[in-house]
K.L.:
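Structure provided below as structure tokens; questions to follow.
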There are 2 protein chains.
Amino acid sequence: MSDEAGAALTRDGTFSRRTEVVIREMILDGTIPPGERLNEVALASALGISRGPLREAIQRLAGEGLLTMISHRGAFVRTFEAREIDELYDMRCAYEMYAARLICQRADDEQLAGLESFVADTGLAMDDTNGRYPPDRDFHRRLLALAGNATLERAALDTQDQISLARSMSAKAPTRAKAALGEHEAIVAALRSRDADTAVLLVQEHLEHARRGALAALGFTDDPRKGNETP
Amino acid sequence: MSDEAGAALTRDGTFSRRTEVVIREMILDGTIPPGERLNEVALASALGISRGPLREAIQRLAGEGLLTMISHRGAFVRTFEAREIDELYDMRCAYEMYAARLICQRADDEQLAGLESFVADTGLAMDDTNGRYPPDRDFHRRLLALAGNATLERAALDTQDQISLARSMSAKAPTRAKAALGEHEAIVAALRSRDADTAVLLVQEHLEHARRGALAALGFTDDPRKGNETP
DNA sequence: GGCATTTAAACTGTTGACAGTTGACAGCGA
DNA sequence: TCGCTGTCAACTGTCAACAGTTTAAATGCC
């Protein structure tokens with residue numbers, strides 16, 4: 001990333017796959033902001049490859065929901081309507097609520113202890129974060145990993161990436177760091193006592209809070225299921 | 001589909017997109033069975049196009065989980081281990097359990113009445129189906145549509161397609177048609193009375209039955225979370 | 001005859017060039 | 001000045017050919 005673009009894909013593998021990860025990083029970095037078009041000839045020459053493998057990488061990223069493709073007009077970094085963000089949070093709910101259920105069945109105590117100490121450590125480190133809470137993402141990643149379902153984990157991480165991209169449309173940060181930490185602690189406690197119903201409920205409530213925070217930060221004040229308004 | 005391959009993509013749109021739907025149909029049809037390789041030059045010439053747009057279609061289908069790509073070896077119609085099928089049923093559970101919850105909140109009585117009459121009609125039509133129950137797929141499609149979340153619906157349908165492909169690895173049909181019908185009726189009843197918790201539970205049980213039936217039909221007898229065995 | 005090694009065919013990954021489309025700009029007319 | 005039209009540059013969609021890898025046959029050796 002700090003390298004020049006052309007040198008960024010000198011490792012092994014096909015150009016197509018390396019290009020995919022480079023562009024994904026550029027999108028999630030903000031190097032290419034939402035709404036911006038990917039000029040194929042410019043991007044290909046910047047990456048030192050031809051348009052063929054670049055286009056293949058673009059197809060895959062579009063399938064992941066990070067790019068929007070319009071016929072004869074090109075690929076654009078995806079932008080999100082309020083409705084779409086709301087739907088993505090539904091997805092997160094579906095994934096993580098079920099993951100919590102799986103964890104109660106499958107995860108061993110050692111794994112849960114690891115998650116618990118992670119929450120404790122990040123709680124100590126969090127003092128003057130001005131409402132930001134960077135470990136939140138990692139907490140959810142670890143949670144999903146403990147469910148022991150690689151398919152579910154990947155799908156959920158893709159959804160996380162889309163939400164992350166959507167949030168990058170606004171510079172406003174969430175302001176509920178301490179609340180989020182407390183909710184994480186409560187979720188872990190429920191998991192440790194293998195209380196699936198409580199864990200699922202706590203995950204749902206936690207994500208509902210996150211949903212409202214995200215929609216507010218992006219300036220979507222109304223109910224996204226009614227009408228749309230741009231910030 | 002009944003046309004020759006070359007004439008199958010004469011409608012409007014780009015070659016790449018038309019090729020994508022043609023190949024998806026060929027995979028789900030069984031025209032190209034699981035495990036078979038897609039020979040790019042042969043397939044491209046059969047479709048009357050060049051390898052470029054074909055490869056782009058392949059990338060997208062791989063992203064959907066219908067193809068497996070191996071570097072320098074090509075794209076293969078996906079095959080599934082017991083573990084992967086088990087994971088896919090987890091996904092279905094996550095999607096449809098949450099969909100049931102959303103339906104209880106959002107769907108209006110008219111929509112639920114439509115679903116109810118669909119179940120009633122297919123129940124009457126089902127007499128001598130020898131254990132097969134074709135409307136099952138449509139029931140779940142309708143259920144997902146009523147959740148009012150296009151993102152969730154598409155993801156769930158993709159998972160359905162993957163499961164359908166996995167089941168095509170075996171000719172054995174499920175033998176629980178009447179049980180499935182009864183479970184559908186119970187689910188609809190819970191939805192109509194807006195009893196979210198019951199609906200979610202019934203969906204989960206229904207899908208657990210389907211999971212066991214699928215794994216048994218495919219010859220996976222052991223717990224897929226332990227070891228693997230091929231039928 | 002069976003097995004390792006070599007060789008050639010087949011196929012994928014990549015490239016550069018061509019063709020059709022889109023969007024913008026200049027020019028014309030009201 | 002505003003709107004319409006025709007033209008043009010830029011870009012995407014597509015193609016055919018080249019290069020490197022894999023697979024399979026063919027050869028040689030034990």
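Labels below follow one simple rule: chain letters A, B, ... track the order of the sequence lines, proteins then strands, and each chain is numbered from 1.
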K.L.:
Are there over 12 heavy-atom neighbours, none belonging to A:R137, within less than 6.0 Å of that residue's CZ?
P.N.:
yes
K.L.:
Measure CG/A:L47 against C1'/C:dT15 and give the value in whole Å, please.
P.N.:
15 Å
K.L.:
Name all pairs fulfilling the salt bridge (charged side-chain N to carboxylate O under 4.0 Å, His left out) condition that reach into residues 59-74 of chain A, sequence neighbours left out, sorted by first residue then second.
P.N.:
A:E20-A:R60, A:R24-A:E64
K.L.:
Tell me whether B:R211 contacts the main-chain N or O of B:D86 through its side chain, where contact means a donor paired with an acceptor under 3.5 Å.
P.N.:
yes
K.L.:
Listing time: all N or O pairs from protein to nucleotides 10-14 of chain D that are below 3.5 Å?
P.N.:
unit_1: D:dC11; atom_1: OP1; unit_2: A:N39; atom_2: ND2; d: 2.7
unit_1: D:dC11; atom_1: O3'; unit_2: A:R37; atom_2: NH2; d: 3.3
unit_1: D:dT12; atom_1: OP1; unit_2: A:R37; atom_2: NE; d: 3.4
unit_1: D:dT12; atom_1: OP1; unit_2: A:L38; atom_2: O; d: 3.3
unit_1: D:dT12; atom_1: OP2; unit_2: A:E40; atom_2: N; d: 3.3
unit_1: D:dG13; atom_1: OP1; unit_2: A:H72; atom_2: N; d: 3.3
unit_1: D:dG13; atom_1: OP2; unit_2: A:R55; atom_2: NH1; d: 2.4
unit_1: D:dG13; atom_1: OP2; unit_2: A:R55; atom_2: NH2; d: 2.9
unit_1: D:dG13; atom_1: N7; unit_2: A:R51; atom_2: NH2; d: 2.8
unit_1: D:dG13; atom_1: O6; unit_2: A:R51; atom_2: NH1; d: 3.0
unit_1: D:dT14; atom_1: OP1; unit_2: B:F15; atom_2: N; d: 2.4

K.L.:
Test B:S71 against A:R17 for side chain to side chain donor-acceptor pair (under 3.5 Å), laying out the working first.
P.N.:
CA-CA 10 Å; B:S71 270; A:R17 294 207 175 272; 4.7 Å; no
K.L.:
Any idea how A:H140 and A:H184 line up, ring-wise: parallel (<30°), tilted (30 to 60°), or perpendicular (>60°)?
P.N.:
perpendicular
